[in-house]
Amino acid sequence: MKLKNSFFYTLRENVKDEDSDSGNLLVRSGMIKKSSSGIYMYMPLGYKVLKKIEQIIREEMNATGAQELLMPSMIPEEVYINSGRRAGFGNSMFSLKDRFNKPFVLGPTHEELFLDAAASKIRSYKDMPFNLYQFQNKFRDEPRPRFGLIRVREFIMKDAYSFDTDLDGLQISYDKMFNAYKKSFDRMGIDYKIVTADTGVMGGLLSEEFQAVTAIGEDTLVLCDHCDYSSNLEVAQCLTEVPSSFEDLKVMEKLHTPNVGKIKDLVDTYQIPVENMTKSMIYKIDDEFVLVMVRSDDEINEVKLQKYFKAQSVELAENDDVVRLTNAKIGFAGPYQAKIKVIADHKVEHMRNYLIGANESDYHYVNANHGRDFEISAYTDLREIKEGEICPKCQKGHIQFSKGIEIGNTFKLGDKYTKALGLNYLDANNQLQPVVMGSYGIGPGRCMAAIVEQNHDDYGIIWPSNIAPFEVALVIINTKVEEQVSAANKVYEELSSLGMDVLLDDRDERAGVKFNDMDLIGVPVQVTFGRGLADGEVEVKIRKENNKTNVKLENLVQFIKESL
RNA sequence: CGGGACGUAGCACAGCUUGGUAGUGCACUACCUUGGGGUGGUAGGGGUCGCGCGUUCAAAUCGCGUCGUUCCGACCA
């Protein structure tokens with residue numbers, strides 16, 4: 001592409017309403033433009049990048065034998081009502097009505113439609129396995145879009161769905177996709193981790209996430225410094241350490257703690273170690289109120305709570321409800337004489353003589369003990385793991401945290417959807433069986449953002465050459481010098497004929513402007529046509545190494561090939 | 001959904017307290033200048049001050065409402 005007379009622009013000044021490096025650089029380099037909160041235009045340059053990312057994924061999908069198709073974005077609402085997911089998505093689904101008042105939604109994910117498509121083919125076990133995928137726009141009405149392309153309301157997703165007769169088949173299909181994902185992200189040059197995760201509204205048997213490691217990630221990755229354990233914080237299990245000996249029970253005493261409802265204040269004011277305190281939170285789990293106890297320095301993990309109760313919704317009780325259920329101000333809830341079910345984290349089971357809220361404003365009890373002073377109906381793993389803890393897998397290493405952007409996710413769905421929607425096949429014994437599904441997603445836009453997060457400097461983006469909008473930029477220093485113009489054009493024709501993606505900066509701009517623009521948009525190899533031409537030389541700059549080499553014109557093409 | 005902030009030219013912002021001709025920088029146009037890391041200059045073009053209602057002789061400025069954006073939290077594949 002020749003820049004003069006092309007649609008190309010960059011912004012010199014910073015944009016204010018981007019809260020991430022990648023969002024900022026992508027906007028400033030003219031790759032994307034915000035249209036509305038969490039809704040972006042892909043401008044020509046950005047669209048080129050997106051297409052290159054898509055093509056990598058497409059090639060890896062096709063290599064597994066998966067077949068590409070395209071689903072509609074607008075879907076009758078009843079499709080999601082029938083699968084039971086309409087309520088689960090709730091307000092995060094965009095909905096609209098047609099002229100006859102029939103309700104439609106904009107698809108947030110497409111299990112239902114793929115299942116419908118698969119039903120056209122599946123009659124017997126001989127019809128499987130197969131795998132279908134698409135690149136298509138998804139719509140999710142996020143409460144809070146942020147970080148440029150990372151959390152948006154309309155985005156392209158590559159979603160794939162596998163159909164098998166049984167779990168063994170699913171395992172094979174899943175592994176194929178899993179490997180294709182690894183290859184795709186490797187080819188994009190992304191630094192990523194694979195973690196086990198919550199299955200969320202997708203449900204099913206297993207979820208694994210591909211997380212690009214960046215400082216602005218929205219997910220916390222739990223990693224072991226000794227073994228290969230890796231998990232999303234939301235599902236990371238905690239090891240329970242059992243003390244070697246137990247203290248004798250002391251007599252429970254009431255402690256006047258006026259206006260001291262917070263753990264930190266209790267520590268400061270009464271010098272009680274955090275290890276000898278519990279905290280009690282009241283949760284509304286579906287329609288039931290439950291008192292949840294953890295040691296005071298632990299945090300309750302709501303995903304674990306939701307799983308334990310197999311609940312649809314888990315939320316902290318409203319202040320009014322807490323006051324009504326405890327007859328006390330916020331901050332004084334406890335298990336003693338509680339009127340609701342009490343459950344506790346494993347760690348609490350091994351505590352003795354600890355502090356609890358008194359269910360009475362401005363009072364706590366010290367030296368409380370379960371079994372004697374009150375009953376706890378169940379102990380389970382409810383807390384969030386912390387950095388430095390012992391790894392739950394190898395039980396040797398220590399836990400470290402890292403931040404990640406979820407760029408891909410694979411689910412073993414099993415028969416959750418096929419049972420609910422009745423997609424069956426006849427097996428070899430002429431018995432009706434539910435089809436076994438997997439679903440697999442990649443966000444190309446998030447990949448683009450993650451690559452920029454991981455590859456940029458003060459001057460701009462540093463694209464890997466297979467992702468860059470252009471592999472090579474040819475910069476004419478002074479367009480009034482015929483020698484520079486003709487030499488650059490000749491090289492442009494030659495590289496183009498070799499199938500390279502070449503940019504010719506033939507604008508009537510100052511050299512500094514062109515250099516800065518090429519750095520900003522991140523062209524990996526930049527060739528300068530300037531005064532060196534008198535000696536038959538041009539200057540080649542490798543963006544990521546930030547060095548410059550003088551190269552004879554006759555060696556230029558070879559030099560570029562070796563640099564990519 | 002709760003709390004805070006902001007909305008003035010394509011972008012970033014000042015002006016608002018104390019109401020009275022709408023400004024600055026970048027970008028843009030023309031000419032001159034310069035020509036290897038965002039040249040320097042001269043002259044220009046571009047804004048219903050988010051929208052509505054109100055107060056007032058007079059509203060970007062004060063009040064109410066509304067829409068949008070954004071930050072923190074809640075929620076979230």
Side-chain angles (χ1 to χ4, degrees), chain A residues 9-20 23-24 27-28 30 33-39 85 88-93 107-111 138-148 150-153 155 157 159 197-204 207-211 218-219 232 234 283-284 302-303 306 312-319 405-411 413 439-443 446 458-460 475-481 484 505 507-520 526-534 537-539 541 546 548 550:
Chain A
Y9 70 92
T10 55
L11 304 179
R12 282 194 186 184
E13 293 190 359
N14 245 338
V15 286
K16 184 188 147 208
D17 66 342
E18 286 298 337
D19 52 358
S20 64
N24 196 292
V27 170
R28 278 218 295 139
K33 180 179 163 74
K34 185 184 282 191
S35 164
S36 171
S37 177
I39 300 175
R85 290 212 290 177
F89 281 112
N91 286 334
S92 64
M93 251 184 185
T109 171
H110 281 71
E111 280 72 14
K138 301 283 186 266
F139 299 84
R140 298 183 189 178
D141 196 357
E142 292 292 337
R144 197 173 152 200
R146 59 184 142 175
F147 299 146
I150 288 166
R151 182 154 295 266
V152 287
R153 299 197 290 176
F155 59 100
M157 182 192 267
D159 45 331
D198 181 38
T199 50
V201 295
M202 305 292 293
S207 164
E208 291 180 282
E209 292 172 341
F210 291 74
Q211 295 269 0
E218 296 191 289
D219 290 293
N232 194 309
E234 61 190 13
Y283 273 90
K284 190 175 182 186
E302 294 182 5
V303 170
Q306 182 165 13
Q312 285 289 313
S313 82
V314 168
E315 52 191 30
L316 266 175
E318 301 286 334
N319 287 359
I405 299 168
E406 181 191 344
I407 49 176
N409 203 333
T410 53
F411 294 92
L413 294 176
S439 106
Y440 318 88
I442 294 181
R446 277 190 176 178
D458 290 346
Y459 299 100
V475 175
I476 301 171
I477 291 293
N478 188 339
T479 52
K480 294 194 182 79
V481 178
Q484 296 180 12
D505 194 345
R507 294 176 297 170
D508 183 19
E509 286 285 357
R510 306 199 41 100
V513 173
K514 298 183 186 184
F515 291 146
N516 280 309
D517 277 345
M518 293 309 108
D519 283 350
L520 178 61
Q526 303 169 15
V527 186
T528 301
F529 292 78
R531 59 168 94 92
L533 280 175
E537 285 185 344
V538 291
E539 196 170 79
K541 173 178 161 179
N546 206 23
K548 295 173 185 171
N550 289 321

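The basis for the numbers below is simple: all heavy atoms, side chains too, and nothing from hydrogens, waters or symmetry mates. Chain identifiers are assigned alphabetically (A, B, ...) following the order of the sequence lines, protein sequences preceding nucleic acid strands; residue numbering begins at 1 within each chain.
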Find the distance Lys480(A):NZ to rC32(B):P and express it as a whole number of Å.
10 Å
Check: Lys514(A) side chain, rG35(B) base, donor-acceptor under 3.5 Å
no
Under-4.0 Å side-chain N/O to phosphate OP1/OP2 contact, Ser37(A) with rG68(B):
no
I'd like to know if Glu142(A) and Arg151(A) make a salt bridge, using a cut-off of under 4.0 Å between side-chain N and carboxylate O.
yes
Take the protein atom CG of Leu520(A) and the nucleotide atom P of rG37(B), then report the distance between them rounded to whole Å.
18 Å
Would you mind classifying the nucleic acid contact of Gly532(A) as base, sugar-phosphate or nothing, using non-hydrogen atoms under 4.0 angstrom?
base
If the P atom of rG46(B) is compared with that of rG10(B), how far apart are they to the nearest Å?
12 Å
Is there a Watson-Crick or G-U wobble partner for rG7(B) with both distances under 3.5 Å, and if so, which one is it?
rC67(B)
For rU69(B), does either OP1 or OP2 sit under 4.0 Å from a side-chain N or O belonging to Ser36(A)?
yes
Atom pair distance, as rounded to whole Å: CG in Asn232(A) and P in rC76(B):
13 Å
Heavy-atom closest pair (Ala197(A) atom, Glu209(A) atom, distance to 0.1 Å) is CB-CD, 3.2 Å
Measuring only the P atom in each nucleotide, how far is rG50(B) from rA59(B)? A whole number of Å is fine.
15 Å
Tell me: CD of Glu315(A) to P of rC76(B), nearest whole Å?
9 Å
Just compare rG36(B), rG37(B), rG38(B) and give me whichever is closest to any side-chain atom of Asp519(A).
rG37(B)
Of the listed nucleotides (rG25(B), rG37(B), rC75(B)), which one gets closest to any side-chain atom of Arg146(A)?
rC75(B)
Taking the P atom in each of rC49(B) and rU61(B), what is the distance between them to the nearest angstrom?
9 Å
Quick one: label Ile477(A) by what it contacts on the DNA or RNA (base, sugar-phosphate, nothing), any heavy atom closer than 4.0 Å.
base
Please work out if Glu302(A) contacts a base, only the sugar-phosphate, or nothing of the nucleic acid, heavy-atom cut-off 4.0 Å.
sugar-phosphate
Tell me what Asp508(A) touches on the nucleic acid: a base, only sugar-phosphate, or nothing, going by heavy atoms under 4.0 Å.
base
Is it true that a side-chain atom of Arg153(A) and a backbone atom of Ser37(A) form a donor plus acceptor pair closer than 3.5 Å?
yes
Scanning all shown strands, the Watson-Crick or wobble mate of rG2(B) with both distances under 3.5 Å is rC72(B)
Between Ser36(A) and Ile39(A) (side chain of the first, backbone of the second, donor and acceptor by atom type, cut-off under 3.5 Å), is there such a pair?
no
Watson-Crick or G-U counterpart of rA12(B), or none if no pair lies under 3.5 Å
rU24(B)
Rounding to an integer number of angstrom, what distance separates rU34(B) and rG25(B) when you compare their P atoms?
24 Å
I'd like to know if the side chain of Arg446(A) reaches the main chain of Ile150(A), judged simply by a donor and an acceptor atom lying under 3.5 Å from each other, with no hydrogens or angles considered.
yes
Below 4.0 Å: OP1/OP2 of rC26(B) and any side-chain N or O of Arg12(A)
no
For Asp141(A) and rC1(B), give me the distance from atom CG to atom P, rounded to whole Å.
11 Å
How close or far is atom C1' of rU69(B) from atom CD1 of Ile39(A), stated in whole angstroms?
13 Å
Winner on side-chain proximity to Glu13(A), out of rA12(B), rG37(B), rU39(B), is rA12(B)
If you only use heavy atoms from C-beta on, which nucleotide in rG35(B), rG38(B), rG36(B) is closest to the side chain of Glu539(A)?
rG36(B)
Is the backbone N or O of Ile405(A) less than 3.5 Å from a side-chain atom of Gln211(A), with the two atoms forming a donor-acceptor pair by type?
yes
Looking at rU17(B), which nucleotide sits across from it as a Watson-Crick or G-U wobble partner, both distances under 3.5 angstrom, or is there none?
none
Checking N1-N3 plus N6-O4 or O6-N4 for Watson-Crick, or N1-O2 and O6-N3 for wobble, each under 3.5 Å, the partner of rC62(B) is rG54(B)
Between rU70(B) and rA58(B), how far apart are the two P atoms, rounded to whole Å?
37 Å
Considering only rU70(B), rU69(B), rG38(B), which nucleotide approaches the side chain of Lys34(A) most closely?
rU70(B)
Minimum-distance nucleotide (side-chain atoms of Ala511(A) versus rG36(B), rG35(B), rU69(B)):
rG36(B)
Most 5' of Ile150(A) and Glu18(A) on RNA chain B, judged by nearest nucleotide:
Glu18(A)
Could you work out the separation of rC11(B) and rA74(B) based on their C1' atoms and round it to a whole Å?
33 Å
With C1' as the reference atom in both, quote the distance from rG40(B) to rC6(B) in angstrom, rounded to an integer.
37 Å
Would you say the side-chain atoms of Arg28(A) pair up with the backbone N or O of Thr10(A), donor to acceptor, closer than 3.5 Å?
no
Taking the C1' atom in each of rC64(B) and rU55(B), what is the distance between them to the nearest angstrom?
11 Å
May I ask you to say what Asp517(A) touches in the nucleic acid, namely base, sugar-phosphate or nothing, with a heavy-atom cut-off under 4.0 Å?
base
Can you tell which of rG38(B), rG36(B), rC75(B) lies closest to the side chain of Pro143(A)?
rC75(B)
Closest listed nucleotide, where the reference is the side chain of Arg531(A) and the choices are rA12(B), rG38(B), rG36(B)
rG36(B)
Is Asp19(A) reaching over with its side chain to a backbone N or O of Phe147(A), donor-acceptor style, under 3.5 angstrom?
yes
So if I apply the side-chain contact (heavy atoms from CB on, under 4.5 Å) rule between Gln484(A) and each of Leu533(A), Thr479(A), Val475(A), which one comes out positive?
Leu533(A)
When all nucleic acid strands are considered with a 4.0 Å heavy-atom cut-off, which category describes Phe155(A): base, sugar-phosphate, or nothing?
base
Starting from P on rG73(B), measure out to CZ on Arg151(A) and report it in whole angstrom.
14 Å
Under 3.5 Å, is there any donor-acceptor pair linking the side chain of Glu509(A) to the base of rG38(B)?
no
Judged by each residue's nearest nucleotide on RNA chain B, which is more toward the 5′ side, Arg153(A) or Gln306(A)?
Arg153(A)
Integer-rounded Å distance: rU70(B) P and Asn14(A) CG:
16 Å
